Amino acid sequence: MTNEPPPTLWKMPELLNNLNPEQHAAVTLPNEPALILAGAGSGKTRVLITRIAWLIQQGLASPATILAVTFTNKAAREMMARLQALLPIDTRGMWIGTFHGLCNRMLRAHHRDAGLPATFQILDTADQLSAIKRLMKGLNIDDEKYPAKNLQYFINNAKEQGLRPKDVDATDNFNRKFVELYEAYDQQCQREGVVDFPELLLRCFELLAHNPPLRAHYQARFRHILVDEFQDTNKLQYAWLKMLAGQTNSIFAVGDDDQSIYAFRGANVGNMRDFEQEFNVRHLIKLEQNYRSHGHILDAANQLIANNSRRLGKNLRTDAGHGEPVRVYEATTDTQEAGWIVEEIKALISTGTSRSEVAVLYRSNAQSRTIEHTLVNAGIAYRVYGGLRFFERQEIKHALAYLRLIDNPNDDTAFSRVVNFPTRGIGARSIEQLADAARLYNCSMAAAIPYVAGKAGSSLAGFANLIGKMRAETQQMSLPETVEYVVRASGLSEFYQTEREGQDRLENLQELVNAAAAFVSEEGYGLDTPARSIPLRPGATTAPELVSATDDPNTVVLDAPNFTDPAQNPDTMTPLAGFLSHASLEAGDNQAQAGQEAVQLMTVHAAKGLEFTAVFITGLEEGLFPHENSAMETDGLEEERRLMYVAITRAKERLYLSFAQSRMLHGQTRYNIRSRFFDELPQETLKWLTPKVEAGARWGGRSDNAGYGRDWFARPGYTGPSSSTPVSLPAFANEQRAAESGFRVGQQVFHTKFGEGTITALEGGGTDAKAQVKFKRHGEKWLALAVAKLQAVE
DNA sequence: AAAAAGCTACTTTTT
DNA sequence: GTAGCTTTTT
């Protein structure tokens, strides 16, 4: 990492090389509001990164003037790493991070103005729920009538709309109660010095809104605001961006309305339209050149998404050629579907596809079980996304709770979590007494300990002493030392040593120490930097002083404008606060099993942003995908369709779609019909591996599908794994000719003499084209297409 | 305080 | 079908 920027060494053509005209246009736009509609696989991240590099290279921006916002830490890290590799300067002068990460950073720097203690803690979703439960218990609220989960949703929703309790207009008694509890909850958080996720954003927004000099400072600084995944922003995030943009700064927003799949958690696609209007966007650039998928896959995606209304409009194209057809399989049961998937995966592997390049996608997590089971039996390594994450494990949360108490003893969530873990004779009754006292004196539980008398009081005092001792002993320790000390002094390590199945947990605790060491090194702290003081950067003579705007209304001293000197870019938090924030804001990997060479199993949501050589989209049934619950929501079906669009566009070369006639769901067998999405795909791109049965014929005249549960190779019309044949498939050649003739395998046809039937095979081309048709009443026959007057039934 | 039994929910999820 | 939670039992 050099701190001397040598701009003359940068080679301009290299940066813009290999960009297509649209990408080039986007990267080199003037500093004005711009909306980049970036289709799936269109090189969105590349444009974003090159844009930043270009701005700096051209001298149009200094790193300190850049603010780039992403949704996930992963995306932020990737952006940071790629920029660091691209630019010969220290990229730390830029603010690149998630909305929450950046707001945290700002709130730490201005905690006084924001009305927060320097050591405020961040509640993750689980912490927040337990805080709410504790609140309701204290107020004797009936959890049956007012479920804590609903209140949590209510509060988060209000905050994401920018509404404080006083701003919510409650229409009925029920909502009035919720507003009342919202108010009490906010007071509790304030007293404890904790903030939940939406609070980070709202508090930061209000900080800027209510503090003109501070707002002016940041507006003057962040001349270039770039936003990734703009379609996923919620109302509050949009308002925050708008505030930072002010009248003078430009926002470079990148997004794809067709990939908006998070409306259910507050994402507002409408922000794209609003942005266009409110910012008078003159530069709307569509990135429609796709570098990921073959033609048939893209055609399928394009035609499907065309069924949605109110799109900003976009059509992906590729130079890659048609490629393989999209293969479709109808299974009798979910088990059989899994069996087919595994056979196809085996075939893919045998033709050289890497396991990790194969993904099995499903709409809901419950569907993974059957597939996992079948994969295990077949001895194929796999990896499921979406399990418990590292920082969410109970032993880790326990250890973090001790660390939090050292930093902020008023954090009652942390206090309640470990006051009696490991057990130290402080039972439910003692804790209730303490909670009562805390309520009486309107203070935290830790502060209420002296008010509890008797035996309960003395055991509680013992706990207070323990925390006090930890605080004193760790005063000068580095972060990893602190973590190691706390794990031992809390009794956690001893507890898990004696526990029968504590070995894994013990290892995780050791891993936490490693994580702390890794954090210290990644943040560039010295190894012995005390965990609980704001560190001195190399070269700095005094600790950075954060002068708040209220101390002197005319001065806001933050980080100095000379961004290239790390000493001038002060930290805004202690290593411990940073680490605790990191633990809350980035819960870690959520991969159940490690191992690179494994088939990837995940929900469609989790697959967003990823790509695979071969993709299976499973469970394509009405009620499941599209999900039945989506029918109740406004635009629910359109979001399901976007979800399907996301799923399809994950595939590079091969796409498989499957559904099952019956499926185990919630402990009982359900009978489903195939997803409507099949009818929205271009039929000429589909290759039915099982006969396509028309909706009308489903419950009549079929005698084939019963009794094949075990032997999926015996499915009618199914001729074995499609990949076992070489890539230049004869079958596919047939498909081409079939497309010419207007017919395809699996298609329902009508013959004036033989009646209704299904095409089971096609042969030859042009005038020699023949079709094998299985008629309902007259058996299978070969017919010359030039002679027989076959009519498509569709 | 730990273990066992009973009850209930159940789409998607990052921060 | 089953995980997670609460209640009951030891």
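Throughout, protein chains are lettered first and strands after them, A, B, ... in sequence-line order, and every chain is numbered starting at 1. All values reported here derive from a predicted model rather than from experimental measurement.
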Please pick, from C:dG1, B:dT11, B:dT13, the nucleotide with the shortest atom-to-atom distance to any side-chain atom of A:A606. B:dT13

Is there a stack between A:H627 and B:dT11, judged by ring centres under 5.5 Å and planes under 30°? yes

What is the ring orientation for A:Y218 with A:F222, classed by angle as parallel under 30°, tilted 30 to 60°, or perpendicular over 60°? parallel

Categorize A:Q128 for me: base, sugar-phosphate, or nothing, with a 4.0 angstrom heavy-atom threshold over every strand shown. nothing

Of the candidates B:dT12, B:dC10, B:dT15, the side chain of A:H666 sits closest to B:dC10

Considering every strand and a 4.0 Å limit on heavy-atom distances, what is the contact class for A:S630: base, sugar-phosphate, or nothing? nothing

A:E640, nearest nucleotide to its side chain (from B:dA1, B:dT13, B:dT11): B:dT11

Classify the angle between the aromatic ring planes of A:H582 and A:F391 as parallel (below 30°), tilted (30 to 60°) or perpendicular (above 60°). perpendicular

With the side chain of A:T423 defined as its heavy atoms from C-beta on, choose the nearest nucleotide among B:dT12, B:dA1, B:dT15. B:dA1

On the nucleotide B:dT14, are OP1 or OP2 found under 4.0 Å from the side-chain N or O atoms that A:T98 carries? no

Look at the side chain of A:R265 and decide which nucleotide, out of B:dA2, B:dT14, C:dG1, has an atom nearest to it. B:dT14

A:D228 CG to B:dT15 C1', in whole Å, measures 15 Å

In whole angstrom, what separates A:F99's CZ from B:dT13's C1'? 16 Å

Work out how far the P atom of C:dG4 is from that of B:dT13, and round it to whole angstrom. 15 Å

Counting side-chain heavy atoms from CB outward, which of B:dT14, C:dG1, B:dT11 is closest to A:M664? C:dG1

Mind checking A:Y262 for me? I need base, sugar-phosphate or nothing, with any heavy atom below 4.0 Å counting as a touch. sugar-phosphate

Show the numbers, then the answer: is there a ring-ring contact (aromatic ring centres under 6.0 Å, His included) between A:F264 and A:H605? CA-CA 12 Å; A:F264 73 90; A:H605 282 92; 5.7 Å; yes

A:R670 vs C:dG1: side-chain N/O to OP1/OP2 distance below 4.0 Å: no

A:L201 atom CG is separated from B:dT14 atom P, nearest whole Å, by 16 Å

Report which part of the nucleic acid A:D124 touches: base, sugar-phosphate, or nothing (heavy-atom distance under 4.0 Å, all strands). nothing

Could you state the atom-to-atom distance from OH of A:Y645 to P of B:dT12 in whole Å? 24 Å

For A:F264 and B:dT12, is the gap between ring centres under 5.5 Å while the planes differ by less than 30°? yes

Do A:N420 and A:R424 meet the criterion of a side-chain donor-acceptor pair at a distance under 3.5 Å? no

Does a nitrogen or oxygen in the side chain of A:R369 sit under 4.0 Å from OP1 or OP2 of C:dT2? yes

Is there a side-chain contact between A:N629 and the phosphate of B:dC10, meaning an N or O under 4.0 Å from OP1 or OP2? no

A:N73 vs B:dT15: side-chain N/O to OP1/OP2 distance below 4.0 Å: yes

Please name the nucleotide paired to C:dT7 by Watson-Crick or G-U wobble geometry with both distances under 3.5 Å, or report none. B:dA4

ring-ring contact (aromatic ring centres under 6.0 Å, His included) partner of A:F154, chosen from A:F178, A:Y146, A:F174, A:Y185: A:F178

Whole-Å distance between B:dT15 P and A:H582 NE2? 11 Å

Among B:dT15, B:dT13, B:dT11, the one nearest A:H605 by side-chain distance: B:dT13

Can you tell me how the ring of A:F197 sits relative to the ring of A:H100, calling it parallel under 30°, perpendicular over 60° and tilted otherwise? perpendicular

